[in-house]
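One structure is given below, encoded as structure tokens.
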There are 2 protein chains.
Amino acid sequence: MITVGIIGSGNVAIHLVKAFLKADTVTITGVYARNCSALRGLVEANLVFTDANDLPRADVYLIAVSDDAIDEVSALLPPNARVVAHTSGSRPINSINVNHNRGCFYPLQTFSKSDVVDFSEVPVCIEAEHPGDLEILGQLAHTISRSVSIVNLEQRRALHLAAVFVCNFTNYLYGVGFEICDKAKLSPELLKPLINKTAGKIKNMTPYEAQTGPALRNDRTTIEAHLQMLQGSSREIYQLLTQSIQHERHKL
Amino acid sequence: MITVGIIGSGNVAIHLVKAFLKADTVTITGVYARNCSALRGLVEANLVFTDANDLPRADVYLIAVSDDAIDEVSALLPPNARVVAHTSGSRPINSINVNHNRGCFYPLQTFSKSDVVDFSEVPVCIEAEHPGDLEILGQLAHTISRSVSIVNLEQRRALHLAAVFVCNFTNYLYGVGFEICDKAKLSPELLKPLINKTAGKIKNMTPYEAQTGPALRNDRTTIEAHLQMLQGSSREIYQLLTQSIQHERHKL
């Protein structure tokens, strides 16, 4: 049995708590949060602490707070854990207070409060100041996920950057597509099979092999007609991404 | 039983042929293609015609050729079908030769040659010059898909434009993410659960509700760090999409 303490009450903290509560081989010894209303109904009241000093001993403390708060929050934590790891995709482990054995436990996923997350598929990227601590972080990660990787800071930052493109920016493009449908009095539901297919295609082919569309075909008539239907930032995005696809194409 | 003739041998034509071959209530009477090598092994040789005049009678002829060829190809077709429909997302039905009863049968999907397409989920958007012909086009569409919509030209063009954003551009962003992983000696496999989740999230929430990331949080430290890791068109895309997300955010 591994024991874990969670620090935070934001989306990542909540989803980690939910995942660990479901895992058989891990026990949450406590959750520390200044604002604990988000934890109500999720964990028993006697496991929620608003004073860091009350946080019970655990194998691992996981700090799931905003990047800028890691330093300050970690300084408040009692020396009651073998490893203290943050969950940030971009911060070095030495942003954690020097009094702790430091590490990282970065789940590569997008977390929205109301969403259900199946952690078993979520890659967990771990790093530790002391190589011996990788084992306990790996064990903890394996209690919730089948995908655990040892990833250094530079690689983790690359993953975080890649995630912005394939998740945050992609989701924004979904929004543009939905808006175009709304304006044409069409249900955005019509786009969902295409969105699923586009995500599913790259299971068996690379994005370069999967690329289709007017930009790739250099279909100037369609590209010009599309540009005339757009304005503002959507038009700029269309132009830039069309140029980028065509530039890649010329590279091939 | 509905009968259909297919014109073309590109990705859309091939996937339509495959779908109709699987459907119980439709018969392919012939496939006309100038280059019929792509059809080998797919349909029996006696159903493939390289002279349009030999194409047997059918309820519907579906023209699945490049947009610019619709006019020319449709002029070659014998008057052997009740309706002649093209499969283009952007061309008006009167790009089909005036000698025919004209229509459109637009499957909203991305078609790559080597990919398997489950047509049952693909929205088929139909339009007809004569309202009475909508029925036969609808019946034909229902033989392969559960999602059939009557969509006018303006709406169809909007769908086609939206598809460029949610499919072609999204796929390009997947490529950028994969490249960032490759450079960092990481397997792009790590991104696939996130890509699936991002597509899956919008089943139950709007893209605006699903939006996460440094741009939305206005996390300047991370945005600046990311920009320093990028160059060329990826950097421009990062800047433009970050600005666009923040602009939307200020609208909310």
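Note on naming: letters A, B, ... go to the chains in the order of the sequence lines (proteins, then strands), and numbering restarts at 1 for each one.
- Here Arg157(B) does not pair with Glu127(B) in a salt bridge; the nearest charged N to carboxylate O distance is not below 4.0 Å.
- Chain A forms more heavy-atom pairs under 4.5 Å with one residue of Val166(B), Val122(B), Val117(B) than with any other, namely Val166(B).
- Looking at Asn11(B), neither its backbone nor its side chain comes within 4.5 Å of chain A, counting heavy atoms on both sides.
- Contacts of Lys203(B) with chain A are made by both backbone and side-chain atoms, with heavy-atom separations under 4.5 Å.
- Taking the centre of each ring, Tyr238(B) and His226(B) come in below the 6.0 Å mark.
- Thr212(B) and Thr110(A) share a side-chain donor-acceptor pair at under 3.5 Å.
- Taking the six-membered ring for Trp and the full ring otherwise, Phe111(A) and Phe119(A) have centroids separated by under 6.0 Å.
- Interface check for chain B: of the options Cys181(A), Gly200(A), Gly175(A), the most heavy-atom pairs under 4.5 Å are formed by Gly175(A).
- Inter-residue side-chain proximity for Tyr106(B) and Ile126(B) is flagged as unmet; no heavy-atom pair is nearer than 4.5 Å.
- Of the atoms belonging to Asp219(B), it is side-chain heavy atoms, and not backbone ones, that fall under 4.5 Å from chain A.
- Heavy atoms closer than 4.5 Å to chain B are found in the side chain of Leu240(A), but not in its backbone.
- A donor-acceptor contact shorter than 3.5 Å links the side chain of Arg156(B) to the backbone of Ser88(B).
- Ranked by heavy-atom pairs shorter than 4.5 Å toward chain A, the options Met229(B), Lys192(B), Lys201(B), Glu154(B) are led by Lys201(B).
- Only the backbone of Glu209(B) comes within less than 4.5 Å of a heavy atom of chain A; no side-chain atom from C-beta onward does.
- Residue contact with chain A, scored on non-hydrogen atoms closer than 4.5 Å, involves the side chain of Phe178(B) exclusively.
- Ranked by heavy-atom pairs shorter than 4.5 Å toward chain B, the options Asn196(A), Ile202(A), Leu108(A) are led by Ile202(A).
- Ser66(B) and Asp68(B) share no side-chain donor-acceptor pair at under 3.5 Å.
- Between Cys104(B) and Thr87(B) the shortest side-chain heavy-atom distance does not fall below 4.5 Å.
- When each of Ser114(A), Cys167(A), Gly89(A), Ala158(A) is scored by its heavy-atom pairs under 4.5 Å with chain B, the top score falls to Cys167(A).
- Ranked by heavy-atom pairs under 4.5 Å with chain A, the first of His160(B), Lys197(B), Lys185(B) is Lys197(B).
- Interface remark: Thr242(B) contributes backbone and side-chain atoms alike to the contact with chain A (heavy atom separation under 4.5 Å).
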Trace of the side chain to side chain contact (heavy atoms under 4.5 Å, CB included) decision for Leu42(B) with Ile14(B): CA-CA 8 Å; Leu42(B) 185 63; Ile14(B) 296 289; 3.9 Å; yes

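- Both the backbone and the side chain of Pro214(A) come within contact range of chain B, each with at least one heavy atom under 4.5 Å from a heavy atom of that chain.
- Counting heavy-atom pairs closer than 4.5 Å to chain B, the top residue among Glu236(A), Glu189(A), Gln211(A), Glu121(A) is Gln211(A).
- With a 4.5 Å cut-off on non-hydrogen atoms, Ser112(B) touches chain A through its backbone and its side chain both.
- Per-residue heavy-atom pair counts under 4.5 Å with chain B were compared for Ala215(A), Gly177(A), Pro188(A), and the maximum is reached by Gly177(A).
- Taking 4.5 Å as the limit, some side-chain heavy atom of Ile223(B) sits within range of a side-chain heavy atom of Arg220(B).
- For chain A, the nearby parts of Ser244(B) are the backbone and the side chain; heavy atoms of each come within less than 4.5 Å.
- At a 4.5 Å heavy-atom cutoff, Ser187(B) makes no contact with chain A through either its backbone or its side chain.
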Show your working on side chain to side chain contact (heavy atoms under 4.5 Å, CB included) between Ser233(A) and Gln243(B) and close with a plain yes or no. CA-CA 9 Å; Ser233(A) 65; Gln243(B) 279 164 20; over 6 Å; no

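- Using a 4.5 Å cut-off between heavy atoms, Thr170(A) touches chain B through backbone and side chain atoms alike.
- Remark: Lys113(B) NZ is packed, more than 12 non-hydrogen atoms of other residues, nucleotides or ligands lying under 6.0 Å away.
- In this structure, the portions of Asp115(A) lying under 4.5 Å from any heavy atom of chain B include both its backbone and its side chain.
- At distances below 3.5 Å, at least one donor-acceptor pair connects side-chain atoms of Ser74(B) with backbone N or O atoms of Ile70(B).
- Ranked by heavy-atom pairs under 4.5 Å with chain B, the first of Val164(A), Thr206(A), Asp67(A) is Val164(A).
- For Val151(B), the part lying under 4.5 angstrom from a heavy atom of chain A is the side chain only.
- You'll find the side chain of Ser147(A) stays beyond 4.5 Å of the side chain of Val124(A), heavy atoms only.
- Residues Leu62(B) and Leu16(B) have side chains in contact (heavy-atom distance under 4.5 Å, counting atoms from C-beta outward).
- Side chain of Ser9(A) to backbone of Asn35(A): a donor-acceptor contact under 3.5 angstrom is found.
- Using a 4.5 Å cut-off between heavy atoms, Arg91(B) touches chain A through its side chain atoms alone.
- Using a 4.5 Å cut-off between heavy atoms, Thr222(B) contacts chain A through its side chain alone, with no backbone atom that close.
- Contact annotation for Asn171(B): both backbone and side-chain heavy atoms come within less than 4.5 Å of a heavy atom of chain A.
- For Ala225(B), no part lies under 4.5 angstrom from a heavy atom of chain A.
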